[in-house]
Amino acid sequence: MTNLSALTRRLAETPADFLSDQTSVAAVVSDVLVAAGGEALDATTAAPFQVTGRPGWARLVLIACWLVSDESLKPDPDRLLRYFTEVLPQLAALIPAEHFVGDADRREELARLALRELDVLPDGETAAQAADRLTTVDSVRRFQVLEEARAAEARAKAVRQAMEEQQAREAAARYSQV
Amino acid sequence: MVMRTRWYEGWLAQWPEALRAWGRFTKVHDPLYCPSTPLARKAGLTGSFAMFRLDDRTVVLDMQAVRELELQDYAVEVMAHEIGHHVLCPADLADNARLLARIRQGLPGFESQAPLVSNLYSDMLINDRLQRSRGLRMAEVYQRLATAQPSPLWAFYMRIFEILWSLPSRSLTRVQIADGIEGDAQLGAKLARVYATDWHKGAGGFAALCYRYITEQSEADIAMSRRRVCVGVVGDDVHVPGLTGIDGEPITHPSLDPRVNEFAPQDAPSEERQPGEGQFRQPFEYGQILKQLGLSISAETAAARYYRERAAPHLVRFPVRTEPHSTEPLPEGLTAWDIGEPIEAVDWIATATRSPVVIPGITTVQRLTGTTEGSDEDKRPVDLDLYVDSSGSMPDPRRNVSYLTLAGAILALSALRVGARVQVTLWSGTNEFLVTDGFVRDEEAVLQVLTGFFGGATAFPLHILRGTYLERKRTRPTHIVVISDNGVDTMFTLNDEQGRAGSEISARALTEAGAGGTLLLNLWHDDQVEHFRQMAPGWDVHRVSSWPQLVDFAKAFSRRQYERSRA
């Protein structure tokens, strides 16, 4: 059990080093894995974290490293690696990494995703409640439903415009001379 | 004797606590508790359990409905919410009107539902603030209000609160939410946060979000939603300033607003502004908004308010005649007093000095007084006599803006401002006329007649012109203004019922009025102006059928009157 608000606060207070493009992502990930009781990255496993140009995913991994280093978490190294390499890329494809520090909902999402991947429940929540809330803040799902809302709006817009045109015609009919 | 206490007496004791939710210095006088729904209805509260009256800043609660909705234990929550309408949204009459007008813009064809959407929007902002920042149990209140079969609108609205307050799904909605509604609720929740402190900007977007639910709602759904939101009302005498202007900002659906939807393109194409869109709404829509705000006023009163507000910034310098001060008496000696003259006119001292024996008509004398002009000058405004054509060819000023009526309102209000008296005659066919009670100083009466409408035939009321100037002597100089179109020729070409030529009556009236005359005409071409100048010698003829022409007229009128006053 972990206090979710402590984790989101931790994210809000992410140190500048974890946001810097100068920091070596592979080195930080390796340190986090070792601290969790796993093995350090070797040349092969470090390669994905050493891409040039610092994509959004690499920035997000750095922020996540700061998050999972919280003392209340005792992460399993394998789960941790899966969190970094399988979950975060989907997220980084949709949302700029800095939003996970500056936006309250995104902080909650990142922390909840970490807890889910590490198989930990937030304090005072059942598994169903935690899953339900994660569904609400889940960016991947949000992207889908918002795209749907946008498509619905495109359809509604046609109706609205037809209505506005009809009103304009009625106004013109009322309009006698001036 | 044992007094039966009412169950809600504890509510009043909690009023200060409800006030404190909005700060230590918030002051709103005690609410009005109506023990039963019929009594609440008498106090003006219908269709809901609570309302806020913005004109006298009163909160009114229907305690029977509160009990039926099982909200007895939520005194602070319910009352703090109502106070929120007085301090956060909409807070005052003008903002309330602007909010409603903006929401109407987002609901084309369904403007009648704007008050409901406006209440949903302000309730959402207030409740989110109270729940998140003040720790009040707003979520529990909504749990009490939950219904097993919510309408799509109510489900969407409740889902917003579930998202805002991190509540489990279905805790307020009670039903499984479809993806389409989920997307809208996500946008609604984000909008509530993004525009929390600049709520006027978010109102149009919220209306756009509600649009598709409003179009699908049944009357029963609407009544259900209305019962669960509080209502805002204002009194009939309230004047709402700034409502003639339109908020020209186009409405952006939240799914296209990058501030609300982070997946929306940053340079989201905002909806194109309609070509030719003015900065002012039409009188018809103005009247509708006033009605939706809860004012039960007639179309005439609404139109009068509309033209007053639009005319107010453009008042002109109305002509004022400078005259010598009222003459003073000057003693010029004595003269004989004869029998038959007023006895009080006898100067007894002079009479006794002349002869101790008084013989009436022989020795009696009286003072002879002449007059002298005073040194001060007196300014007297010229009166205004307005004749407004209301035949079928003229626009109805209560529906669409009429620049002629606006010109008339500008002149009338300018005249009243400098202390002049105004007579307005609304005319159409024979025997179709409405006139103020002579020359009056009553702004309401003047505007009511000015903005009226007959829509009949065209026959200038020559008998009123004749009665005003030829059958009685006007002691004060008067400026005559005729507002019309081509139909003004009936003033010159027709005869009155006594067979006198209209041209003769008009010319004599102009002379007798003594302060000039103006014909304000809605003409199709400038060429027609010359035609009417020849028909009406001595009259100033202006064509006013658009805003620039109205401005030109106002300038010309001021200049002409200035020249006249210097002549």
Side-chain angles (χ1 to χ4, degrees), chain A residues 4-5 8 93-96 99 102-106 108-109 112 122 124-126 128-168 170-178, chain B residues 106-111 159 162-163 166-171 177-187 189-190 193 208-209 211-212 215 251 253-256 260-264 271 274 282 284-285 392-397 399-406 455 485 522 524 544-546:
Chain A
L4 187 74
S5 59
T8 54
L94 291 172
I95 312 274
H99 285 209
D103 182 322
D105 286 342
R106 299 290 70 77
E108 183 180 347
E109 181 182 9
R112 281 187 180 276
E125 288 185 15
T126 63
Q129 284 171 339
D132 179 61
R133 182 59 191 166
L134 180 57
T135 313
T136 303
V137 291
D138 180 7
S139 288
V140 178
R141 177 162 181 262
R142 229 158 32 84
F143 178 73
Q144 287 163 356
V145 294
L146 291 185
E147 281 300 296
E148 214 163 294
R150 200 150 63 156
E153 158 55 13
R155 290 191 295 274
K157 189 178 171 185
V159 176
R160 215 168 51 227
Q161 275 178 344
M163 201 61 90
E164 278 170 344
E165 278 161 19
Q166 188 189 333
Q167 281 186 326
E170 281 170 9
R174 284 201 300 266
Y175 192 86
S176 51
Q177 276 194 37
V178 173
Chain B
L107 299 173
F110 292 86
E111 286 88 350
R159 180 64 189 149
E162 287 179 356
I163 296 169
S166 308
L167 301 173
S169 301
R170 302 169 76 169
S171 59
I177 293 293
D179 275 3
I181 297 183
E182 174 70 22
D184 287 343
Q186 291 267 6
L187 292 169
K190 187 75 177 173
R193 292 278 156 78
L209 211 48
Y211 187 69
R212 72 184 180 100
T215 57
I251 286 179
H253 190 275
S255 67
L256 301 170
V260 177
N261 181 5
E262 61 216 283
F263 305 121
E271 282 176 32
Q274 296 294 316
Q282 296 290 343
F284 176 68
E285 194 193 358
S393 61
M394 299 294 287
D396 182 350
R399 292 197 78 88
N400 294 96
V401 60
S402 158
Y403 291 108
L404 289 171
T405 305
L406 194 50
D485 54 11
N522 175 30
W524 291 106
V544 174
S545 52
S546 66

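The structure presented is a predicted model; accordingly, all values stated were derived computationally and were not measured. Order of the sequence lines fixes the chain letters, A, B, ..., with proteins taken first and strands second; residue numbering starts at 1 for each chain.
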Among all residues two or more places apart in sequence or in another chain, which pass the side-chain contact (heavy atoms from CB on, under 4.5 Å) test with B/Ser171?
B/Gln143, B/Glu162, B/Leu167, B/Pro168
What are the two closest non-hydrogen atoms of A/Val145 and B/Glu182, and how far apart are they?
CG1-CG, 4.1 Å
Do A/His99 and B/Glu262 have side-chain heavy atoms sitting under 4.5 Å apart?
yes
I need the minimum non-hydrogen distance between B/Lys190 and B/Val260, along with the two atoms involved.
CG-O, 3.1 Å
I'd like to know which of A/Arg155, A/Gln129, A/Arg142 tops the heavy-atom pair count under 4.5 Å against chain B.
A/Arg142
Residues A/Arg150, A/Glu153: salt bridge by 4.0 Å N-O rule
no
Segment of B/Arg170 engaging chain A (4.5 angstrom heavy-atom cut-off):
neither
Which atoms of B/Glu111 are under 4.5 Å from chain A, going by heavy atoms: the side chain, the backbone, both sets, or neither?
side chain
Quick one: what part of B/Phe263 sits under 4.5 Å from any heavy atom of chain A, side chain, backbone, both or neither?
both
Go through the atoms of A/Ile95 and report whether side chain, backbone, both or neither lie under 4.5 Å from a heavy atom of chain B.
side chain
